[in-house]
Amino acid sequence: MGKDIHRNTVEFAVRGRYALFSDVLTRAGGEKSSYPIPTYEALKGILHSVYWKPTIIWYIDSVRIMNPVRTVRKGMRPIKYGGGNDLAYYTYLEDVYYQVRAHFDWNMNRPELECDRNENKHHNIAKRMIERGGRRDIFLGTRECQGYVEPCVFGESTGAYDTCGVIQYSLMLHGMTYADEAENDEDRDMMTVRFWNPVMKNGVIDFIPPKECTVKRHIKKMKIKPFGREHDNFAGLEEFAGGEFNELE
């Protein structure tokens, strides 16, 4: 089911009472409404909360929609930029449950971390962090939508859309490409927003990798923040790769 399985693949389930997956360009204010399915960026953010290191880049391969898509509207009082509060209605997804398959690759934009490219170490730590529910709080699209992560076998159990056939969606947000994860030459030193047209087949959405997104827009110029002793922001880099840091994991 889904894409080919990579050697360092991780699989996990994520659940929550509410979720709000929306285009980041519409987040500035006003009423917000969730996409019916999670975005690539939201699922990648969940993995960053589970286990993140600048040495690696997480790639979301597939997501399986387990529960029926249901929405609920809530009256909210967001803070106005000029001060005070406003009244708005947010449309959330309700009772969400997803199975996710992902893998990682080395971040080739960070040659200063080449000494930390130990696949077994990162893979094993990531699996342990999934078993423990993640290192940091999990949320589904927005901070108020708390989520919970646990290990799973992708494709097991019965999903609500296992026999629904093919469902095509219109243009949706895929994610954001930051300068330190840019793979295409035209995206170097830029912050880029990506879009795509998802297709769900029997409840499973197979994501295309960021570098294959052809509908995108450069938001602003962005430089890569380097790590290293000479930059006074990564003291102890040798110990980080030499084993002492591993004991803290």
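If you read the sequence from its start, that first residue is 1, and numbering goes on from there.
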Which atoms form the tightest heavy-atom contact between [X] and [Y], and what is the distance?
{"X": "Ser170", "Y": "Asn197", "value": "C-ND2, 3.4 Å"}
{"X": "Ile65", "Y": "Pro38", "value": "CD1-CD, 3.9 Å"}
{"X": "Ala13", "Y": "Cys152", "value": "N-SG, 3.6 Å"}
{"X": "Ser22", "Y": "Ser33", "value": "CB-O, 3.5 Å"}
{"X": "Pro36", "Y": "Leu93", "value": "O-CD1, 3.8 Å"}
{"X": "Ala126", "Y": "Val50", "value": "O-CG1, 4.2 Å"}

Rounded to the nearest 0.5 Å, what separates atom [atom1] in [X] from atom [atom2] in [Y]?
{"X": "Thr192", "Y": "Glu181", "atom1": "OG1", "atom2": "CD", "answer": "11.5 Å"}
{"X": "Lys44", "Y": "His174", "atom1": "NZ", "atom2": "NE2", "answer": "9.5 Å"}
{"X": "Arg188", "Y": "His218", "atom1": "CZ", "atom2": "NE2", "answer": "11.0 Å"}
{"X": "Tyr51", "Y": "Ile130", "atom1": "OH", "atom2": "CD1", "answer": "11.5 Å"}
{"X": "Leu43", "Y": "Ile60", "atom1": "CG", "atom2": "CD1", "answer": "5.5 Å"}
{"X": "Arg143", "Y": "Leu20", "atom1": "CZ", "atom2": "CG", "answer": "14.0 Å"}

Looking at [Y], is its backbone amide N or carbonyl O close enough to the side chain of [X] to form a donor-acceptor pair, meaning the two atoms are under 3.5 Å apart?
{"X": "Arg117", "Y": "Thr55", "value": "no"}
{"X": "Arg136", "Y": "His48", "value": "yes"}
{"X": "Arg194", "Y": "Met176", "value": "yes"}
{"X": "Asp189", "Y": "Lys223", "value": "no"}
{"X": "His6", "Y": "Asp105", "value": "no"}

Tell me whether [X] shares a hydrophobic cluster with [Y], the cluster being built from Ile, Leu, Val, Met, Phe, Trp, Tyr side chains joined at under 4.5 Å.
{"X": "Ile46", "Y": "Ile125", "value": "yes"}
{"X": "Ile56", "Y": "Met108", "value": "yes"}
{"X": "Leu171", "Y": "Ile219", "value": "yes"}
{"X": "Ile205", "Y": "Val10", "value": "yes"}
{"X": "Tyr40", "Y": "Ile208", "value": "yes"}

Could you tell me whether the side chain of [Y] reaches within less than 4.5 Å of the side chain of [X], counting heavy atoms only?
{"X": "Val63", "Y": "Ile37", "result": "no"}
{"X": "Phe21", "Y": "Met172", "result": "no"}
{"X": "Pro210", "Y": "Tyr59", "result": "yes"}
{"X": "Glu119", "Y": "Phe104", "result": "yes"}
{"X": "Tyr35", "Y": "Leu173", "result": "yes"}
{"X": "Val149", "Y": "Val14", "result": "yes"}
{"X": "Met129", "Y": "Phe12", "result": "no"}
{"X": "His123", "Y": "His103", "result": "no"}

- request: List in chain and number order the residues that pass salt bridge (charged side-chain N to carboxylate O under 4.0 Å, His left out) with Arg110, two or more places apart in sequence or in another chain; answer none if no residue qualifies.
  value: Glu112, Asp180
Are a donor atom and an acceptor atom from the side chains of [X] and [Y] found within less than 3.5 Å of each other?
{"X": "Thr9", "Y": "Arg101", "value": "no"}
{"X": "Asn67", "Y": "Arg15", "value": "no"}
{"X": "His122", "Y": "Asp116", "value": "yes"}

query: Within a reach of under 6.0 Å around CD of Gln168, are more than 12 heavy atoms found that belong to other residues, nucleotides or ligands?
result: no
field: Residues, nucleotides or ligands: over 12 heavy atoms within 6.0 Å of Tyr169 OH
entry: yes
- request: State plainly whether the residues Asp206 and Lys201 are in salt-bridge range, i.e. N to O under 4.0 Å.
  value: no
field: Partners meeting ring-ring contact (aromatic ring centres under 6.0 Å, His included) with Tyr98 (sequence neighbours left out)
entry: none
message: Cation-pi check for Tyr18 against Lys74: NZ or CZ below 6.0 Å from the six-membered ring centre and within 45 degrees of the axis, yes or no?
response: yes
query: For Ser34 and Thr91, what are the C-alpha separation, side-chain angles and deciding distance, and is it a side chain to side chain contact (heavy atoms under 4.5 Å, CB included)?
result: CA-CA 6 Å; Ser34 178; Thr91 302; 5.8 Å; no
field: Chi angles and distances behind the salt bridge (charged side-chain N to carboxylate O under 4.0 Å, His left out) call for Lys211, Asp187
entry: CA-CA 9 Å; Lys211 65 181 179 181; Asp187 300 332; over 6 Å; no
- prompt: Where do Tyr178 and Met191 land on the side chain to side chain contact (heavy atoms under 4.5 Å, CB included) test, with the steps shown first?
  reply: CA-CA 5 Å; Tyr178 299 95; Met191 175 187 286; 3.5 Å; yes
Test side chain to side chain contact (heavy atoms under 4.5 Å, CB included) applied to Asn109 and Ile57, step by step: CA-CA 10 Å; Asn109 292 321; Ile57 299 177; 5.6 Å; no
Side-chain donor-acceptor pairs of residues 153-162 under 3.5 Å, sequence neighbours excluded:
from	atom 1	to	atom 2	distance (Å)
Tyr161	OH	Val69	N	2.8
Asp162	OD1	Arg64	NH2	3.1
Asp162	OD2	Arg64	NH2	2.9
Asp162	OD2	Gly159	N	2.7

- request: Go through the steps to decide whether Met190 and Lys221 satisfy the test side chain to side chain contact (heavy atoms under 4.5 Å, CB included), and finish with yes or no.
  value: CA-CA 4 Å; Met190 300 293 295; Lys221 293 184 178 180; 3.7 Å; yes
